[in-house]
Colleague: 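If you scroll down you'll find the structure; I have some questions about it.
Remember, it's 1-based here, ligands and their atoms both numbered in the order they're listed. Residue numbers count from 1 along this sequence.
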Amino acid sequence: MRISVIGCGYLGAVHAASLVELGHEVVGVDVDERKVASLRQGRSPFYEPGFQDLLSQSLKSGRLAFSTDVAVAAGARVHFICVGTPQKHGEYAADLRFVQAAAESLLLVVEPGDVVVGKSTVPVGTAAGLSQMFAEKVPGTLLAWNPEFLREGFAVRDTLHPDRLVYGVEQASEADPAAAVLDEVYARILARGVPKVVTDYATAEMVKTAANSFLATKISFINAMAELCEATGADVKQLADAIGYDERIGRRFLNAGLGFGGGCLPKDIRAFMARAGELGADQALTFLREVDSINMRRRIRMVELAREVCDGSLLGKRVAVLGAAFKPDSDDIRDSPALNVAQQLQLQGAVVRVTDPAAIENSRREWPHLDYATTPEEAAEGADAVLVLTEWKQYRELDPVAFGEVVRQKRVLDGRNALSRTAWTEAGWTYRALGRRAG
Ligand code: UGA
């Protein structure tokens, strides 16, 4: 099937290449010339494990092309909208400018019978509005909402092996012609028995924001427990292990630490609250405000902990920050808790050096006033404290004995509860972590 993908960021680029892998012929469209040039040359514009290979393979097949001109989408039967929906400046609501622009650009190319499929995370009600727009301007066009649940760092695997498919279609049933077209698009995935939910637009839109809100709530729940552990001397890691054995609770997404960041969870819970307010149902989501503030408090606590271990003052103290990306295996620094802490430390007078295996270039562009180092050893040279704020494998596997040679003071703050407390304390380090006793 000929398919177009509008928007070639983390979501769109991976989706486009994955559709080729699923047997289709795909054109990816993006307004960013540099991104398109890079994708055309088979170079991934972002760090995402497995994507580089998938991109090269898909390009080699001759069934993948990229362009800045939406005209190349003409003749495709399905058009995916994969653009970003960031938080609006100065408010909680989602900025739908890019979705609107993508949909309007598609008006120039769609033909009756084509299916426009939204994958972007949007406030409930968006799909119904777009469906009406297409029905008026190009009668006979079909619209579906097909949310994406991929995680950065696992984007390729999550796209090719999703745990479910969700179609929001006008008739809210399998009988909808758009559902049949999506079945063709995902035939190879469906053949593996992956569950599918066919529903109305509003439910499909809400599935995505509800899923992200649940995940954010789970993380903030365990971080609230971490606050209590700090007050009582209990250990949040053991607490998470113990409650996580209960299958109804589950251990995943119960890692206490610096909390959630990135381009999705923080802005999605805020946009969800804003939309609930518009719909007069704000009370239903007031708990998300607490989820948000528990999350933000962790960053402040991390800075306090750093001050504590630096004998009560950060002024002039050398602090190494290991990790800049919002999570490991990504170069994404959007709302990165690690960079947020690094900046607070610097503003409070510490001499901060940040390192990251993949995100330094992005960090330097966005936050040029921070000091960067290429290796953990370089970052930690002469340091009074080392903060591990993104749990990259390289940092989890650091040898505390050898690493101890580099620093001035052996003090480590494990912002992600990812290091072995025993190994670090045995090597003579003062070990501190959120929600755990000092080691
Ligand atoms: C999230 C969802 O997990 C995806 O399902 C969704 O498709 C995506 O948003 C999206 O909306 O596009 P992602 O933002 O890539 O994916 O990252 P997550 O793995 O969810 O992690 C988010 C943040 O939570 C990270 O900062 C991570 O460090 C933090 N986290 C995660 C914790 O603090 N504790 C945990 O136990 C798990």
Colleague: Look at the rings of His15 and Phe80 and say which category their plane angle falls in: under 30° parallel, 30 to 60° tilted, over 60° perpendicular.
Modeller: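 Aromatic pair His15/Phe80 classed perpendicular.
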Colleague: Taking non-hydrogen atoms only, is Lys208 closer than 4.0 angstrom to ligand 1 via side chain, backbone, both or neither?
Modeller: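 Lys208 to ligand 1: side-chain contact only, backbone stays beyond 4.0 Å.
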Colleague: Record the part of Arg416 in heavy-atom contact with ligand 1 below 4.0 Å; permitted values are side chain, backbone, both and neither.
Modeller: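 For Arg416, the contact with ligand 1 is made by the side chain alone.
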Colleague: Take atom CZ of Arg252 as the centre, draw a 6.0 Å sphere, and report whether it contains more than 12 heavy atoms from other residues, nucleotides or ligands.
Modeller: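 Counting neighbours around CZ of Arg252, 12 or fewer heavy atoms of other residues, nucleotides or ligands fall under 6.0 Å, so no.
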Colleague: Does the N or O separation between Cys264 and ligand 1 drop below 3.5 Å for any pair?
Modeller: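 N/O-N/O distance under 3.5 Å: no.
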Colleague: Please could you name the atoms of ligand 1 that Asp268 approaches to less than 4.0 Å, counting only its heavy atoms?
Modeller: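 Per the distance check, 11 (O).
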Colleague: Need the ligand 1 atom indices (1-based, order shown) with element for anything under 4.0 Å from a heavy-atom of Lys327.
Modeller: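 What qualifies from ligand 1 is 13 (P), 15 (O), 17 (O), 18 (P), 19 (O).
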Colleague: Judged on heavy-atom distance to atom 29 (C) of ligand 1, which of Phe260, Phe253, Phe214, Phe326 sits nearest?
Modeller: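 Nearest heavy atom to atom 29 (C) of ligand 1 lies in Phe260.
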Colleague: Should Pro337 be counted as touching ligand 1, given the test is an N or O pair under 3.5 Å?
Modeller: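 No.
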Colleague: Within ligand 1, which atoms have a heavy atom of Glu148 less than 4.0 Å away?
Modeller: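 Contacts of ligand 1 toward Glu148, numbered from 1: 7 (O).
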Colleague: Who's the nearest protein heavy-atom neighbour of atom 5 (O) of ligand 1, and how far?
Modeller: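 Scanning the protein heavy atoms, the shortest distance from atom 5 (O) of ligand 1 goes to Phe149 O, 2.8 Å.
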Colleague: Flag Glu152 as yes when one of its N or O atoms lies below 3.5 Å from any N or O atom of ligand 1, and as no otherwise.
Modeller: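 Indeed, backbone or side chain, Glu152 has an N or O that close.
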Colleague: Which bit of Ile222 is near ligand 1, meaning a heavy atom under 4.0 Å away: side chain, backbone, both or neither?
Modeller: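 Neither; nothing of Ile222 gets under 4.0 Å from ligand 1.
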Colleague: Heavy-atom contacts under 4.0 Å between Asp158 and ligand 1: side chain, backbone, both, or neither?
Modeller: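 Answer for Asp158: neither.
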Colleague: Set out, in order, the CA-CA distance, both residues' side-chain angles and the distance that settles ring-ring contact (aromatic ring centres under 6.0 Å, His included) for Phe51 and Phe46, then state yes or no.
Modeller: CA-CA 9 Å; Phe51 178 60; Phe46 45 80; 5.3 Å; yes
Colleague: Nearest protein heavy-atom contact for atom 36 (O) of ligand 1: which residue, which atom, what distance?
Modeller: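 Heavy-atom neighbour on the protein nearest atom 36 (O) of ligand 1: Asn255 N, 2.9 Å.
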Colleague: Is the contact between Leu150 and ligand 1 made by the side chain, the backbone, both, or neither, using heavy atoms and a 4.0 Å cut-off?
Modeller: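 Backbone only.
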Colleague: Among protein heavy atoms, which lies nearest atom 2 (C) of ligand 1, and at what distance?
Modeller: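 Atom 2 (C) of ligand 1 sits closest to the protein heavy atom Asn212 OD1, 3.6 Å.
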Colleague: Do any heavy atoms of Gly257 fall under 4.0 Å from ligand 1?
Modeller: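 No.
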Colleague: Rounded to the nearest 0.5 Å, how far does CZ of Phe260 lie from CG of Asn212?
Modeller: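 Going from the CG atom of Asn212 to the CZ atom of Phe260 covers 10.0 Å.
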Colleague: Kindly write out the residues that satisfy salt bridge (Lys or Arg N to Asp or Glu O under 4.0 Å) with Asp371, not counting sequence neighbours, or none if the list is empty.
Modeller: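 Asp371 satisfies salt bridge (Lys or Arg N to Asp or Glu O under 4.0 Å) with Arg353 once adjacent residues are dropped.
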Colleague: Could you say whether the N/O atoms of Ile219 and ligand 1 ever approach to under 3.5 Å?
Modeller: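 Looking only at distances, the answer is no, because the N/O contact criterion of under 3.5 Å is not met.
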Colleague: Closer than 4.0 angstrom, basic N to acidic O: yes or no for Asp329 and Lys393?
Modeller: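 Between Lys393 and Asp329 there is no salt bridge, as every charged N stays at least 4.0 Å from the carboxylate O atoms.
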Colleague: Salt bridge (charged side-chain N to carboxylate O under 4.0 Å, His left out) with Glu308: which of Arg301, Lys317, Arg411?
Modeller: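 Output: one option passes, namely Arg301.
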Colleague: Under 4.0 Å from ligand 1, counting heavy atoms only, is it the side chain of Leu258, its backbone, both or neither?
Modeller: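 It is neither part, as no heavy atom is under 4.0 Å.
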Colleague: Other residues, nucleotides and ligands only: do more than 12 of their heavy atoms fall within 6.0 Å of CD on Glu304?
Modeller: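 Counting neighbours around CD of Glu304, more than 12 heavy atoms of other residues, nucleotides or ligands fall under 6.0 Å, so yes.
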Colleague: Looking at Glu378, I want to see if its CD is surrounded by more than 12 non-hydrogen atoms of other residues, nucleotides or ligands under 6.0 Å.
Modeller: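 Yes - once you tally the heavy atoms of other residues, nucleotides and ligands closer than 6.0 Å, there are more than 12.
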Colleague: Taking atom CZ as the centre, does Arg396 end up with more than 12 heavy-atom neighbours from other residues, nucleotides or ligands that are less than 6.0 angstrom away?
Modeller: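 Result for CZ/Arg396: enclosed.
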Colleague: How close does the nearest protein non-hydrogen atom get to atom 22 (C) of ligand 1, and which residue and atom is it?
Modeller: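 Sorting protein heavy atoms by distance from atom 22 (C) of ligand 1 puts Leu265 CD2, 3.8 Å first.
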Colleague: I'd like to know if Glu152 and Lys327 make a salt bridge, using a cut-off of under 4.0 Å between side-chain N and carboxylate O.
Modeller: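 Here Glu152 does not pair with Lys327 in a salt bridge, since their nearest N and O are not under 4.0 Å apart.
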Colleague: Should we say atom CZ of Arg34 is surrounded by more than 12 heavy atoms from elsewhere, each under 6.0 Å from it?
Modeller: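 Check fails, neighbour count at 12 or below.
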